[in-house]
Structure formats: C-alpha cells, structure tokens
2 protein chains.
Amino acid sequence: MAFFESNYWHPSVATDIVLLSLRQKKLSALLVKRLDHENGWALPGGFLEKGEDLDQCAHRELNEETGIQVPYMSHFANYSDPNRDSRHQVISVAYLAVHPSGKLRIRANSDVFDVNWFNVENLPDLSFDHNKICGDGIKYSRLLIERKPSLAFAFHNGGFTLTELQQTFAAFGGHKFSPENKRNFRLWLKNYADGRGLVVETDKFREGNHRPARIYEPNLEALDKETIK
Amino acid sequence: MAFFESNYWHPSVATDIVLLSLRQKKLSALLVKRLDHENGWALPGGFLEKGEDLDQCAHRELNEETGIQVPYMSHFANYSDPNRDSRHQVISVAYLAVHPSGKLRIRANSDVFDVNWFNVENLPDLSFDHNKICGDGIKYSRLLIERKPSLAFAFHNGGFTLTELQQTFAAFGGHKFSPENKRNFRLWLKNYADGRGLVVETDKFREGNHRPARIYEPNLEALDKETIK
DNA sequence: CCAAAAGTGTTGATCCTACACCCATGT
DNA sequence: ACATGGGTGTAGGATCAACACTTTTGG
C-alpha cells in the first residue's frame, strides 16, 4: 500500500541551492555528484519533508550534502515546467547562498560521492535544468550585490582589507566596483558604509611586501537592519 | 480508492495573486470571497493542477475567479510554514499582478461569490496568512516601481498624460516621484524614458477646463527589453 | 634604493533640486 | 478676464569619474 494517498494530485517540491564563493579570486559555484542524478554534476538540494518549511529544507539539504552552514541564503526563483524532470512533476525552489572563502570541510555522505567548486565562467553540463537555474542564480547575485552591497561581506571570514573587498566586487564584473579605480571604490564605500555604520575599523593589519593594509570587519548589528532581502 | 498515491509524502502547491490597480487614485488590491475560505476575504488563487507550471496556474486561477487578464504578473515570494493552513501543508507561491484602471468585468463563478477592490491602506482581515502575503506584495511593488519604473505603464490602458503617470507613482508613496514637483518628475521621466525609447508621443490630447494634456503611450517593444523581471 | 601595494586630494563634468515663469483651454 | 492645470528655462548645489600624488612596508 502506498505511503501517501489523497483525492487530489500533488506535485513534488524540492529546493536547489546555488552556493557561491570566491576561489582564487574567481566567482565559483558548488556542485555535487549524486548517485541518483544520472551520475552527473548537479546543484545541491533535495525534497521538502513533512513538517518543515522551504528555508529549513534548503539549509538541511545543504548541510546533509556538504556539511556546511552559510552566512547568507535566500530564495530567488521557482522552476515548475512539468517536464523539467522526466520522471515526475517536481517544483524546484531555488536559493542563492554564499560561503566565505577559506577551507571547506566536506562531510562524507552516502548519497553524495563528489563535491567541488567550479568557476562560474566554465560550468560543466548539469542534470535536469540546473544549468538554467545556476545561470539565473548567478545573474541574480549580480543584481543583488549592486542593490545590497553588504552581501560582499558574506564572502569574507574574520575581516577583510579594502583591496580584498574590492576584488570581491570585481569578481561579479560590476561596473562601478570595477578594475583599478581604487580611489573611487573607497570613496563610494565610505559614503555607503559610513552613514549606515556597516563596517568598523580594526587595529589589525594584513602584512606583505608592502605597506600593511588595515583590516575591517562588518558590523553585524547594522547589517541586520539593511533592507531588501 | 484514493486518486493519488505515492511512496513519499507530498505537499499541496497553490498560487496566490496580489492584484493591484488604481481606484480613485488610490493603490488598491483585489480580494475575493470564496465558499471554502471560511467565508472571509482572501487573495485570488488556487491549487496547481497536473501538467501546468506555476505561471499558468496563476493566470488560470485569476481568470477563473475574476474573468480578467493582466498586462503584468510575476512571482515575488513563497510561503511555506507547515501550519499556515490548518487543514494540511500548502506551499503558497505568491504573484504580484497589475490591472489597468478602468472597468473590471467580473465573470460569474460558482466558487467566488464576491469580488472587490480595497485601498491597500485599509485592508480587511484576510483568511490564512493572506494579510502577510498581501502586505509583502505591496512592499515588493514599491521596490519594484523604483527599480523598474516602466511598471507604472501597466496601470494605464490606451495612453496616459504625464500628470496621470505622476499620480500613479505618487500612489506608491515614492519619494522622488512625489507630490507637486511636476518639473522634476518630467525631467526625470525624459531622462529615463527618452534614452530607452520607452514612451512615444501621440497626437491625442486629454481635454478639460484647461489646456489639453498630451497623451503618451508605452513603446511595447522597448519595454520587453527592460531588464529586471 | 627600489618594487609593490596602501592610501589621499582635488578638479571638472554631470545630474538633480528648487523656483520662477509662460501657455492653452472652458466658463 | 480669470481659474485651472499643462508645460518649460535655468542657476546653484550635490554627486561622481579621472588623474596625480604621497605613504609604508620588505628585500
């Protein structure tokens, strides 16, 4: 006997996560290989379970499949073409997430037998419509970081120098945050962040073969007040 | 025997539509009274059917319940609290839509026994979490009209005068498009729309106890090229 | 001393605000 | 003639891009 019965038809509902990070200063997305997904690369994600909401589902799936937790995650689109999965009708609820650069501890998991970062300019063929979803997520991230530049902080753990922050913006290809107009980037940042108290100066410096660079940290309290998801 | 069976649990999926329009120059939302919704006011919408995608579902439900079609409709959020509907777990996919001001022909429908516009400043108590959804939709529309001002064209049928267009912006309470700075609104519009070719002058005029006002029309081709959903 | 990257001052163009003013119609 | 709303010109302030410059470290 079937486990689930109803007088009405029901679709399946899953979450898929476009997880972005900086790897070698390139914007990169995390992909997984799972036993069921035609053995190809795909976005991390999975089916909604009874009693949880979509946000919980996305966090749970990401944690189960990669063992990580992220400082930023939010919904950006739905995918509901009845034929997007040939086996049955699945609504995919897509999330954008950000992981700070640095070590990624991948947890062993029976379903997932490979996990890796891929430069977003050079993604492999993905299962289902995941190339479309991933591309949309990247496009969305470019819009988002212009509307809510504090998103860039989520790419850094334990503070950042202004040059590092600028490189983060540059990884998105945004115009104003672009290449070597260091001066204007800093003026813009001062204007943007100072009024809102978004960043705080620390007394720490990043050392190198050059003048040490001051390290800044995001002001978590002020960040919570930022509008726009 | 049950109509639908599966080895896995499935949620229900529905679309709900926040349909906005201008009524007496006030931003207003369309609400319906249905036999099943505790006999209270609620957003138009209903369950996804087998073989259709979410956009089709939203258009179909709106058409079935109110007999109208709209020039703008797009997804803005999901609602998935497991307890948002006490009867069973329903994912609500929320859409924002715009209807031009003017006559609304309501089609008789057995499920819906009342339909009406409500000023968004003064909404009644709605079924389920529809007050939350509707409020979010209105907030979203305020963001959207700043990011993509051409949305304002969807509130007008058969052309608009510049004053009418400005009143549309004013209905959202936006700062720059605000009260009686006619001069700057027009300068801003010229700068925004001229470069993109978004509006075209017609040779028609709106008459009144005063100098006739030139009527403009949106350029549909250029509108399609506008970025941002 | 030199290389390399951090960090600052300032000008000129551009955009936006505020305010004043003229124009065309109905009564 | 005048009331009403349509429609425009423009000076001064704020904002922003571009470029040149100084500072501090390691080797």
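Just so it is clear: chains get the letters A, B, ... in the order the sequence lines come, proteins before strands, and each one is counted from 1. Side chains included, hydrogens not; waters and symmetry mates left out as well; all remaining heavy atoms used.
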(request) Can you tell me the distance, in whole Å, between the CD atom of Glu207(A) and the P atom of dT23(D)? (result) 20 Å
(message) From CG of Leu162(B) over to C1' of dT8(D), roughly how many Å is that when rounded to an integer?
(response) 12 Å
Pairs under 3.5 Å (N/O, protein and nucleotides 18-21 of chain C):
residue: dA18(C); atom: N7; partner: Asn184(B); partner atom: OD1; Å: 3.3
residue: dA18(C); atom: N7; partner: Asn184(B); partner atom: ND2; Å: 3.2
residue: dA18(C); atom: N6; partner: Asn184(B); partner atom: OD1; Å: 3.4

(message) Using the salt bridge (charged side-chain N to carboxylate O under 4.0 Å, His left out) criterion, which residues pair with Arg142(B)? Sequence neighbours excluded.
(response) none
(message) List the residues meeting salt bridge (charged side-chain N to carboxylate O under 4.0 Å, His left out) with Glu164(B), not counting sequence neighbours, and say none if there are none.
(response) Arg206(B)
(request) Please collect all salt bridge (charged side-chain N to carboxylate O under 4.0 Å, His left out) contacts where either partner lies in residues 112-133 of chain B, sequence neighbours excluded, each pair once. (result) Arg84(B)-Asp129(B), Lys132(B)-Asp136(B)
(request) To the nearest Å, give me how far apart CD (Gln166(A)) and C1' (dA17(D)) are. (result) 14 Å
Please write out each protein N/O paired with an N/O of nucleotides 1-4 of chain D under 3.5 Å, distance rounded to 0.1 Å.
residue: dT4(D); atom: O2; partner: Asn209(B); partner atom: O; Å: 3.3

(request) Take the protein atom CZ of Phe185(B) and the nucleotide atom P of dT8(D), then report the distance between them rounded to whole Å. (result) 13 Å
(request) Using atom CZ of Phe205(A) as one end and atom C1' of dG7(C) as the other, report the distance to the nearest whole Å. (result) 11 Å
(message) Which residues pass the salt bridge (charged side-chain N to carboxylate O under 4.0 Å, His left out) test with Lys190(B), not counting sequence neighbours?
(response) Asp194(B)
(request) Please identify each residue that fulfils side-chain hydrogen bond (donor to acceptor under 3.5 Å, both in side chains) with Thr163(A), with sequence neighbours left out. (result) Arg186(A)
(request) Enter the inter-axis angle for the ends of the helix from dC1(C)-dG27(D) to dT27(C)-dA1(D) (five pairs per end, rounded to 10°). (result) 10°
(request) Return the value, rounded to whole Å, for the distance between atom CG of Asn191(B) and atom P of dT17(C). (result) 11 Å
(message) Between Glu65(B) and Gly45(B) (side chain of the first, backbone of the second, donor and acceptor by atom type, cut-off under 3.5 Å), is there such a pair?
(response) yes
(message) My understanding is that only residues two or more places apart in sequence, or in another chain, count here; which of them pass side-chain contact (heavy atoms from CB on, under 4.5 Å) with Asp55(A)?
(response) Asp53(A), Tyr95(A)
(message) Applying side-chain hydrogen bond (donor to acceptor under 3.5 Å, both in side chains), can you list everything that pairs with Arg211(B), at least two apart in sequence or on another chain?
(response) none
(message) Measure CZ/Arg214(A) against P/dT24(D) and give the value in whole Å, please.
(response) 12 Å
(request) Give the rounded distance in Å between these two atoms: CG of Leu165(A) and P of dG7(C). (result) 12 Å
(message) If the condition is side-chain hydrogen bond (donor to acceptor under 3.5 Å, both in side chains), which residues does Lys204(B) pass it with, not counting sequence neighbours?
(response) Glu217(B)
(message) Under the rule for side-chain hydrogen bond (donor to acceptor under 3.5 Å, both in side chains), what residues qualify as partners of Ser92(B), not counting sequence neighbours?
(response) Asp16(B)
(request) Looking at every strand, decide which applies to Thr161(A) at a 4.0 Å heavy-atom threshold: base, sugar-phosphate, or nothing. (result) nothing
(message) Determine whether a donor-acceptor pair (N or O, by modelled atom type, separation under 3.5 Å) exists between the side chain of His75(A) and the backbone of Ala94(A).
(response) yes
